[in-house]
Amino acid sequence: MKYTPNEIEAKWQQYWATNQTFKATNQSDKPKYYVLDMFPYPSGAGLHVGHPLGYIASDIVARYKRHQGFNVLHPQGYDSFGLPAEQYAIQTGQHPAITTETNIKRYRQQLDKIGFSFDWSREVRTSNPEYYKWTQWIFIQLFNSWYNNESDKAEDISTLVAIFEKEGNATVNAVCDDNIAVFTAEEWNGFSSEAQQQILLQYRLTYLAETEVNWCPALGTVLANDEIVNGVSERGGHPVVRKKMTQWSMRISAYAERLLEGLNRIDWTESLKESQRNWIGKSVGASVKFPILSFPKGEEKATPGYMTGGNNAHLLIEKAKENRNNPTEAEAILWNALRGKQVGYKFRQQHLISNFIVDFVCLSKGLVIEVDGGIHDQQQEKDAERTAILNELGYKVIRFKNEEVIGDLDGVLETIVNVLKTQPETPLSFGEGQGERKYIEVFTTRPDTIFGVTFMTLAPEHDLVAQITTDAQKAAVEAYIEATAKRSERERMADVKTISGVFTGAYAEHPFTKEPIPIWIGDYVLAGYGTGAVMAVPCGDERDYAFANFFKGTEGMPEIKNIFNQDISEEAFAAKEGFELVASDFLNGLGYKAGLQKAIEQLEAIGAGQAKVNYRLRDAVFSRQRYWGEPFPVYYVNGMPQMIADEYLPIRLPEVEKYLPTETGEPPLGNATVWAWDTTKNEVVSNDLIDNETVFPLELNTMPGWAGSSWYFNRYMDANNTEAFASQEALNYWREIDLYIGGSEHATGHLLYSRFWQKFLFDKGVVPVDEYAKKLINQGMILGNSAFVYRTEDGKLISKGLVGDQTVYPIHADLAVINDVTNELDIEAFKAHPLYTEYKDAEFILEDGKYIVGREVEKMSKSKYNVVNPDIICAEYGADTLRMYEMFLGPLEQAKPWNTAGMTGVSGFLKKLWRLYTNDEGFNITDAEPSKEMYKVLHQTIKKATEDIENFSFNTSVSQFMICVNELGKLKCNHRAILEPLAVLVSPYAPHIAEELWSGLGHEESISCVAYPKFEEKYLVESSKEYPVSFNGKMRFKLELPLDMSKEDIEKTVMEDERTQNQLQGRTPKKVIIVPGKIINIVG
RNA sequence: GCUCGAGUGGCGGAAUUGGUAGACGCGCUGGAUUCAAAAUCCAGUUCUUUCGGGAGUGUGGGUUCGAUUCCCACCUCGAGUACCA
């Protein structure tokens, strides 16, 4: 009876689907096992043979675990929101939902053909409203949460508000924005709702803020850091520029430490964990303050340029501080609108000018803004006098009433902006006040080298640069800043060798020695890391060393201070050990560890610094200016974001005319005409109805690709639940993924963000575990085997063997026009192929009458015409052969080249397996007792297959199956007692043939849950061993001896052997080493 | 540059508490079967050789009775990361 894979496979695939064989239940007495593949994006290109590699491995594990008696959850679904469908929609006008649906259908067909044991009843798609309802729900949970450093977890925002109401924010230890103004409980309670909302945004785990983002003009959207590779977009390779935009961000930085710590508790590949550690980038060190010593105009006074107070400054400054901490409602609102250069210029609040404290001032424009409460009505005269004095000092004064600020902030701001436009730039004055001293704050991992500080370097973008630069250096500094700004990120990255920088002319004061330290700017200091400033210690840091030497001898660059008892004439001494500190005052004689500790201690003692941990991990931008993504459940009232209540979710993606940004530059959702939120009807209504009273505009951005994939593994546990994202019972039963398989390209994207969300959901008590995947394996890539034809300089095509030394141009040949096994080119097919029309009439130079193509291993890709489609392999050899061959290629985690020719080996194996069970007439099984040899090979196979599957070493178990079948074939084995367990062993790898054989053995039920055969040592016990006999470690011959023979007898027997005498040629061995059961080694 | 991983026949790869290097498969060679081919089966296939052997797991050294496996130095390839203070 012939083995007909196509018939058998179609039959069993149908059977599994009809009987829902692989449907998992959420209640079971069996132990659970959850095995998951990383979420596929259903691309238009379909699957190539590389894609199912991980799916086959996970399917083998899933099927094996079912045999082992586990209740197995093995689901599949689609990460169906994403850029490619949208790009396609822009080009063709086709709705992305339609292309996505088509692509999913094709994916499903392809997956079904390979015979996976997925529980399709739990399929999820991120673009389904029933699914993204819960993505929106999680977003709302994040919005309604803050990170409490005291409890070290996320808490509901209400607990924060409770603290504000009772104590203000001074005592709150939260992960939040930098530079949050301090307020008291009274002030908080007095703030308007908008002011309160503005403040809360600075604490929420997802927040709306103006941030520097990676803007990709070609894609028309922002990208996350992990979506950029080498300065260009990961998808499409388009340039990316920095741009300031108001965006939703995720406060992932709150979880930096826990994300790092959690890595120690999960069994993920070391390289992947290392990537995450690098991405989080923890460094431990100290933050140190260096007072600025000198200021412009050649004056050496320690008086900062923005200090404009008069003679009473020392008294007034306290009052000003008090005022700052106790703003009126109107002041708070206006400050929130002015702070941080929101109107384009820097404003200061409650600032001393002469003997007045003004409410707000923009020093660079000489504009004072006063907000008057009721009290001012009675003192208009005094105000006029005050205004006159301020005018005399060169300030323009404008006044607003409290009601104006509270009621019409937009109008007030418009006035301010207009006045700013008309005011001339005024350089910072140099007043006589006693102001606080201004500091440069740096972060360093080497506080022990504090006495080696030779100069300081600020990032060119650093806020202080403009203020401290001396007149003499001003031109040079400005020119440098301009030049740096022009250089794109990419240039800056490509060119790391060029050293550049400029001296500012200013000096800072060393906190211990009080020596002046010159301040430089240089673009090797990154504005975005730490404080954007470094204390340069050339003797201990390569970059500082290079910088110091480059500017050696120029103004502002002193001799390098060496504080190590080591030579630094050639290079910096950057090691953290092997030195003693010298010329370092109280640190003398210490090494790194002790020095670090002592230095921090002393810095803290004099108030110049403290220990600090810094992370490279930045908050993640969560808005995308795209159509095909989850809409935010957010509408805006007076510019403040409001969440839509849970019961009205999902907010469905609206229909739009076109998928491009609007003419005014708004995201594609700006094209939607029905995209407003009616707060009385609680539904999405036409934009025409927006009145900003009960109907408000909805958010126009959508969520990024990683939103839906950051929690899908939890949804599979209870995928059809409409009441919750999964029931507590289901979550508590399945808990976490036992085995997660996928590509390593997700290391710092999906795999980091999803851990963040999981920890957040854990904090909120929604999920029972804070790490969602116990074990993770990265499958290696399957590489393509590209084919080439060679064009000579005179336009002929020459067969590979004849190329020789001549210059030829290789051209990718489509695998469709070659014989993949013999490498022979089908010349007629080649000529007829639309890609090669220009070679229609070309002359072919053949060898032995054939044109042989060259082969080269490259990434499998459409553009290289080396893609192998699994459908074709299944049709030709069968899915079982494909599954086994993919596993047989090599270790799962390694990259390996595809070679279709190798299929025949596995194909032959399955035919031989089939033949053990059948003869020409049909199944042919005997119930006779098998021989000892048959049992031995079966149990060897049980042992090896079990060990291998537990170690995810699938290639070696396929080898063992081959050995087993070859042996059983030789032994003419058709014994039920052997062939039944063998069918079960093979079933995870080649499930279709296993089912067919199982039914041929007379069973009614599917093989899928039959108990796995048990290994029994007794079948492997041997009475003798063929000992390898080595001389000086080299094996020379073999000798069969009983295993129970004593060492002495073995030695005697070996020495008497003729071959031993031959090897020794009369010499007496110095030593004979005998390891019973293993080896005999004769030395001498 | 740094971090991680890997270097074994013509090819994919196997073998590590240090104990017979090259399992298994592809390819190749020869043979059987066939009118012929495909398919199938059998034998051989690391290199070298004067057929006794000898050499051999990227290179050089070391530890050991014995090293693909452990240690040191170096070379090559791949992946990640990139002025992170």
Side-chain angles (χ1 to χ4, degrees), chain A residues 229-230 269-279 281-283 285 442-446 449 457 459 492-499 522-526 528-537 540-544 546-547 614-617 744-745 747-748 778 780-781 785 821-822 855 857 884-885 888-891 893-909 911-912 915 953 955-964 966 969 1026-1038 1062-1063 1069-1075 1077-1084:
Chain A
V229 176
N230 294 329
T269 57
E270 205 43 51
S271 65
L272 196 148
K273 292 205 260 189
E274 196 62 26
S275 288
Q276 294 211 347
R277 288 194 189 103
N278 288 340
W279 195 261
K282 179 181 185 177
S283 26
V442 302
F443 173 74
T444 175
T445 54
R446 295 294 303 273
T449 64
T457 316
R492 248 171 106 161
M493 286 202 307
D495 173 28
V496 295
K497 289 278 176 278
T498 312
I499 296 165
D523 71 359
Y524 80 98
V525 177
L526 305 176
Y529 184 76
T531 59
V534 301
M535 57 177 225
V537 182
D541 183 284
E542 288 301 338
R543 289 153 308 166
D544 296 341
F547 195 85
N614 213 29
Y615 297 93
R616 195 180 77 115
L617 184 70
S744 55
E745 67 273 19
T748 50
N778 290 128
M781 222 189 311
N785 206 342
V821 178
T822 60
R855 303 303 291 261
V857 172
M884 286 210 120
Y885 185 57
F888 184 64
L889 274 178
E893 303 187 41
Q894 247 172 54
K896 55 240 159 196
W898 178 263
N899 175 14
T900 305
M903 298 281 319
T904 54
V906 174
S907 170
F909 157 74
K911 285 179 193 162
K912 284 187 217 166
R915 226 171 294 126
S953 173
N955 54 328
T956 50
S957 44
V958 176
S959 297
Q960 181 59 39
F961 292 140
M962 289 174 169
I963 293 167
C964 177
N966 288 345
E1026 191 177 37
Y1027 278 93
V1029 182
S1030 303
F1031 292 81
N1032 298 320
K1034 296 261 174 228
M1035 203 278 290
R1036 294 308 176 201
F1037 63 89
K1038 290 174 189 169
N1062 213 345
Q1063 279 290 331
K1070 287 189 191 122
K1071 208 172 177 184
V1072 179
I1073 285 145
I1074 292 161
V1075 184
K1078 283 217 159 151
I1079 200 173
I1080 300 162
N1081 190 17
I1082 299 166
V1083 187

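Side-chain atoms are counted along with the backbone in the values below, which use heavy atoms only and exclude waters and symmetry mates. In the text below, chain A, chain B and the rest are named by the order of the sequence lines, each starting its count at 1.
In terms of modelled atom types and a separation under 3.5 Å, the side chain of A:Thr444 and the main chain of A:Arg446 share a donor-acceptor contact. Without hydrogens or angle criteria, A:Asn1081 side chain to A:Gly1033 main chain gives a donor-acceptor distance under 3.5 Å. Side-chain atoms of A:Arg616 do not come within 3.5 Å of backbone N or O of A:Tyr529 as any donor-acceptor pair. Distance alone, capped at 3.5 Å, is enough to place a donor-acceptor pair between the A:Tyr1027 side chain and the A:Gly1077 backbone.
Residue A:Asn966 is classed as a sugar-phosphate contact, given heavy-atom separations below 4.0 Å to backbone atoms only. A:Val1083 comes within contact range of the sugar-phosphate backbone alone, with a heavy-atom separation under 4.0 Å but no base atom that close. Counting any heavy atom pair closer than 4.0 Å across all strands shown, A:Asn955 reaches sugar-phosphate atoms only and no base atom. A:Ala895 comes within contact range of the sugar-phosphate backbone alone, with a heavy-atom separation under 4.0 Å but no base atom that close. Across all strands shown, A:Glu270 has no heavy atoms under 4.0 Å from either base or sugar-phosphate atoms. At the heavy-atom level, A:Lys912 lies under 4.0 Å from the strands shown only through sugar-phosphate atoms. When heavy atoms are screened at a 4.0 angstrom cut-off, A:Gln894 is found touching the sugar-phosphate backbone but no base atom.
The phosphate of B:rA82 has OP1 or OP2 within less than 4.0 Å of a side-chain N or O from A:Arg616. The side chain of A:Arg277 contributes no N or O atom lying less than 4.0 Å from OP1 or OP2 of B:rU81. Of the side-chain N and O atoms in A:Thr904, none sit less than 4.0 angstrom from OP1 or OP2 of B:rG25.
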key: Per-nucleotide protein contact string for nucleotides 16-22 of chain B, where B marks a base within reach and S marks sugar-phosphate only (heavy atoms under 4.0 Å, - for neither)   = ---BBS-
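In B:rG54 the base sits anti relative to the sugar, since the glycosidic angle is further than 90° from 0. Anti is the conformation of B:rG18, whose glycosidic angle sits further than 90° from 0.
If you take atom P in B:rG44 and the same atom in B:rC35, they sit 28 Å apart, rounded to whole Å. For the C1' atoms, the distance linking B:rG53 with B:rC41 amounts to 35 Å, nearest Å.
Side-chain contact of A:Lys282 with A:Asn614: a donor-acceptor pair under 3.5 Å is absent, judged by distance alone. A donor atom on one side chain and an acceptor atom on the other are not found under 3.5 Å apart for A:Ser959 and A:Thr956.
Under the 30°/60° scheme for interplanar angles, the aromatic rings of A:Tyr524 and A:Phe547 are found to be tilted.
Each of A:Gln960 and A:Ser275 was assigned the nucleotide of RNA chain B with the nearest heavy atom; the assignment lying further toward the 5' end belongs to A:Gln960. Where A:Gly902 and A:Ser283 meet RNA chain B, the nucleotide closest to each residue was compared, and A:Gly902 sits on the side nearer the 5' end.
The side chain of A:Lys896 lies closest to B:rG12, out of B:rG12, B:rC83, B:rA14.
The CD1 atom of A:Ile1074 sits 16 Å away from the P atom of B:rG66 (whole-angstrom rounding). Between A:Leu272 atom CG and B:rA79 atom P the separation is 16 Å, expressed in whole Å.
With sequence neighbours excluded, the residues satisfying ring-ring contact (aromatic ring centres under 6.0 Å, His included) with A:Tyr885 are A:Trp898.
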Give each protein N/O atom lying under 3.5 Å from an N/O atom of nucleotides 51-54 of chain B, with the pair distance.
from	atom 1	to	atom 2	distance (Å)
B:rG54	OP2	A:Arg1036	NH1	3.4

